[in-house]
Amino acid sequence: MENSTSSKNILRVEGLTKFFGGLGAVQNFDITLNQGDLNGLIGPNGAGKTTVFNLITGIYSLTRGKIEFDGESTAGQEPYEITRKGIARTFQNIRLFSNLSVLDNVRIAYHPHAGYNLTDSVLRTKNFYAKEDELTDQALDFLAIFGLEGIQNETAKNLPYGQQRRVEIARALAANPKLLLLDEPAAGMNPKEIIELMDLIHFIHDRFNLTILLIEHQMRVVMGICRHITVMDFGQVIARGNPKEIQANERVVEAYLGKGAGHAA
Amino acid sequence: MELGFLLGSIVKIAAIIAYFYGVLWVMSLPSRWLKIGGMVVAFGVIQLGLTKFGNFQLLNDFDSGLLFQACAMAMVALGLNLIYGFNGQFSLGQWGFYGIGAYTSADITYRWVNGDARGLIVVGVGTIVGAIILTAIGRLVKKIRGIPVLSAFTLYLIGTLAAGFIAVMVGRLLHPVFQPLLGTNLDPGVLAQGIPMQIMFFLAVIFAGIFAAEVSFLFGLPVLTLGSDYFGIATLGFTIVVNVLMINSDTVLPFPEMKGGRGMVGIPKLTTWFWAFLFLMLVVIVMRNILRSSTGRAIMSVREDETAAKAMGIDIAGSKLMAFVIGSLFAGMGGGIYAHFIGFLSPGSFDFLVSFNPLIIVVFGGLGSMTGTIVSSFGWLFFLEGMLRVLLGQMGTEAPTWRYVLYPITLLLMMLIRPQGLLGAVEWGFLKAKVVSTRPKKIPTPTDSPAVEV
């Protein structure tokens, strides 16, 4: 796994365009992710970042453009089919299954590859017990990795915010993705939690051999962990580069702070 | 007298609820033999109560009637809880599927005891061939991607009609073979009495359930794509359509034996405690096994958050359809139990106003609690039908209608005091989710795991 060519394209997006009525939410957006990338996608509010995520995961249908995941076009596929191919995501506002237990939240991610079917579960066959135990063990392992051991039977909505974020990331990883899309994982976190989160992202990136694309507003996080950053404004890409280049880019500063701000600083 | 009856009724309601708690506890026992033994004992206890010893009978005919009706109601309400409580689809169509199950199974047995095997053959062959054809079409639709829902629906509809045609042909072909074995109503043949008749009843209920499930599949396919409220209205429409078809069953539909609005009489009363208990337990076990599995978690995740479920690789449309079909299967089977207890089916009992009953029971017992649904089904029938009807009946001929004043007040108080329902989402015994404890075992790479403590 680790020896696979590091230049292999995992995601290729070309000319991505989405109109909501007459409003071009995303226009001619391009991005390419190679195996093992940890890249950032930033931009002011309303720039269309989350729309890009929704387009990649198939929640919105494209107006124009091409999305290739792992060398295969995802056009016309249902979101669940795209997810099963290996794209997992988290949400800007945490979307846990709030009335279910933490363990069940993670176990739901195993559903597409649970290894038993409805007949097995109705008749409680040996296969059911074997596979169910196996996936429960795996889910517990995941919770342990994320420092969530001991709270597997808690109802998800009763957890503190930081833990909910971690459950959401654990759930996304349990789906066994190749590409992980994180939508503002640091939103609403305090500085201490943010440092822990950055460690966590580094850790999962290395341990699960993942490709990660990250939307974030906290510049500390983006500049701290991303190797390559794409900046969007009004649905279009306005800059690309490594963190240093982006910080020095005038158009980016302008988009965030307004015209002339770059000179004043 | 009245006070004695009141106390007696309260004791009965408490006893029956305690009884079902006991049954659920027995089913959660660790060993298989203990479970089976416990179930037999649980069955026997009520059976003894129903048996006449000389002049003494603990549970009289009125009580046993309530019991059977409550079993049927519990099956319907459990099905609705699967659809609404666990899957989050607000459905008012449950009563329609209940009616379909009742009429279908009644037609099968009615024809059977009157020397006509076509009811069983047509429905049996139709549902089985239908299931095969629908599965085949389902595979095909999945393979060719991008078929619009309505085109897929048309395909399924054609498949079902083909299955129905095959079934009618087979029925014509096999009918003469069975005829001499069935005899007539007054002189029943070998197959129309004793054990064969009991097997026949079992098949009638199962086929009626499957038939209702297939109808719900066809109906749910286009309708489940609607949002929740619109879906509720569409299912209410379904219940009304089924009711209208019942009223016109002898004119619009080719079933003169159903006698339309006058009501279907002469249905053999085959429901015994054995069948009522067996079918109820079947429903409870199947539903619990589905819910406590990956499929069940997928069903519940759709209720919790559709977008997140999609992003977790869960087929939302498939999940909804599955819950809807299984819920209707239970309703159809409940209808079969009801029809053969009461022996008389009138379209009036499948009116859309009555269709709110299962909904009320499910909300009263707690959305997402199977235990609550069972408890409130029995409590509801014993309270409303048993206690109040008799109690108020002693006060005058008009008085029984007062229960429809007391009953909404009870509901109102309930919703004010405990909006989450009697039991909320709490389960008991067999129905409880297994508590998973952390096993002290290898935790992968503990050394390089980040310091994540909050």
Side-chain angles (χ1 to χ4, degrees), chain A residues 57-59 76-81 83-84 88-89 91 95-101 103-104 107-112 114 116-118 120-124 128 132 135-137 140-141 143-150 152-153 160 162-163 166 171-172 175 193 196 199-200 202-203 206-207, chain B residues 32 86 88 142 145-146 282 285-319 322 326 367-368 420 424-425 433-446 448-454:
Chain A
T57 51
I59 289 173
Q77 295 189 354
E78 292 287 319
Y80 74 91
E81 293 171 314
T83 305
R84 287 176 189 193
R89 70 173 290 185
F91 293 89
R95 281 176 179 270
L96 285 177
F97 304 121
S98 43
N99 291 311
L100 303 183
S101 73
L103 182 66
D104 279 350
R107 282 197 290 188
I108 283 167
Y110 289 103
H111 178 62
Y116 61 85
N117 56 25
L118 189 63
D120 282 325
S121 38
V122 170
L123 300 176
R124 297 276 134 157
F128 168 82
E132 181 77 1
L135 70 87
T136 305
D137 279 351
L140 285 172
D141 286 349
L143 289 176
I145 293 172
F146 287 87
L148 296 163
E149 63 265 80
Q152 67 270 37
N153 295 316
Q163 283 189 340
R166 289 213 298 271
R171 186 181 71 179
E193 285 174 330
E196 285 167 3
D199 285 344
L200 186 71
H202 266 303
F203 167 72
D206 297 341
R207 187 169 185 285
Chain B
R32 176 178 294 176
F86 290 98
K142 219 168 201 178
R145 29 188 57 269
L282 205 66
I285 292 170
V286 167
M287 186 165 156
R288 176 264 192 190
N289 283 357
I290 291 172
L291 285 176
R292 304 274 171 258
S293 78
S294 195
T295 315
R297 290 193 289 268
I299 285 174
M300 283 187 262
S301 75
V302 172
R303 168 194 73 189
E304 293 293 320
D305 192 324
E306 281 192 26
T307 312
K310 259 186 222 166
M312 269 11 273
I314 283 158
D315 176 5
I316 305 276
S319 254
M322 180 190 286
I326 295 172
L367 283 169
Q420 72 273 47
K434 215 167 85 186
V435 175
V436 178
S437 55
T438 318
R439 271 153 275 192
K441 52 191 286 293
K442 31 98 200 171
I443 292 168
T445 55
D448 57 1
S449 85
V452 270
E453 279 301 305
V454 174

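Values below: all heavy atoms of this structure, side chains included; hydrogens, waters and symmetry mates excluded. So that the names make sense, note that chain A is the first sequence line, chain B the second, and so on, each numbered from 1.
Counting heavy-atom pairs under 4.5 Å between each of A/Ala175, A/Ser98, A/Gly76, A/Ala114 and chain B puts A/Ser98 at the top. The candidate from B/Ser293, B/Gly313, B/Ala298, B/Ala433 with the greatest count of non-hydrogen atom pairs under 4.5 Å with chain A is B/Gly313. Between chain B and the residues A/Ala172, A/Ser121, A/Ala88, the largest count of heavy-atom pairs under 4.5 Å involves A/Ser121. Between chain A and the options B/Ile314, B/Thr307, B/Asp315, the largest number of non-hydrogen pairs under 4.5 Å is found for B/Asp315. When each of A/His202, A/Glu78, A/Glu81 is checked for heavy-atom pairs under 4.5 Å with chain B, A/Glu81 comes out on top. Considering only heavy-atom pairs separated by less than 4.5 Å from chain A, the leading option among B/Ala309, B/Ala317, B/Gly368, B/Gly296 is B/Ala309.
A/Leu200 has its side chain within reach of A/Phe146: a pair of non-hydrogen atoms, C-beta onward, lies under 4.5 Å apart. For the pair A/Tyr110 and B/Ser294, the minimum side-chain heavy-atom distance is 4.5 Å or more. For the pair A/Ile145 and A/Phe203, the minimum side-chain heavy-atom distance is below 4.5 Å. A heavy-atom distance below 4.5 Å is found between the side chains of A/Arg89 and A/Ile59. Between A/Arg124 and B/Arg292, some side-chain heavy-atom pair lies under the 4.5 Å cut-off. Counting heavy atoms from C-beta on, the side chains of A/Phe97 and A/Asp104 never come closer than 4.5 Å.
Of the atoms belonging to B/Met287, not a single heavy atom falls under 4.5 Å from chain A. Only the side chain of A/Leu103 comes within less than 4.5 Å of a heavy atom of chain B; its backbone N, CA, C and O stay farther away. Heavy atoms of A/Leu148 lying under 4.5 Å from chain B are absent altogether. For B/Ala425, no part lies near chain A; criterion is any non-hydrogen pair under 4.5 Å. Contact annotation for A/Asn153: only side-chain heavy atoms (C-beta onward) come within less than 4.5 Å of a heavy atom of chain B. If you measure heavy-atom distances from A/Thr57 to chain B, you find no contacts under 4.5 Å at all. For chain A, the nearby part of B/Arg303 is the side chain; its heavy atoms alone come within less than 4.5 Å.
Judged as a salt bridge (charged side-chain N to carboxylate O under 4.0 Å, His left out), and not counting sequence neighbours, the contacts of A/Glu132 are A/Arg107, B/Arg297.
Annotation for B/Ala308 and A/Arg95: closest pair CB-O, 3.5 Å, computed over non-hydrogen atoms. Residue A/Arg171 comes nearest to A/Ala109 through the heavy atom pair O-CB, 3.3 Å, listed as atom of the first residue, atom of the second, then distance.
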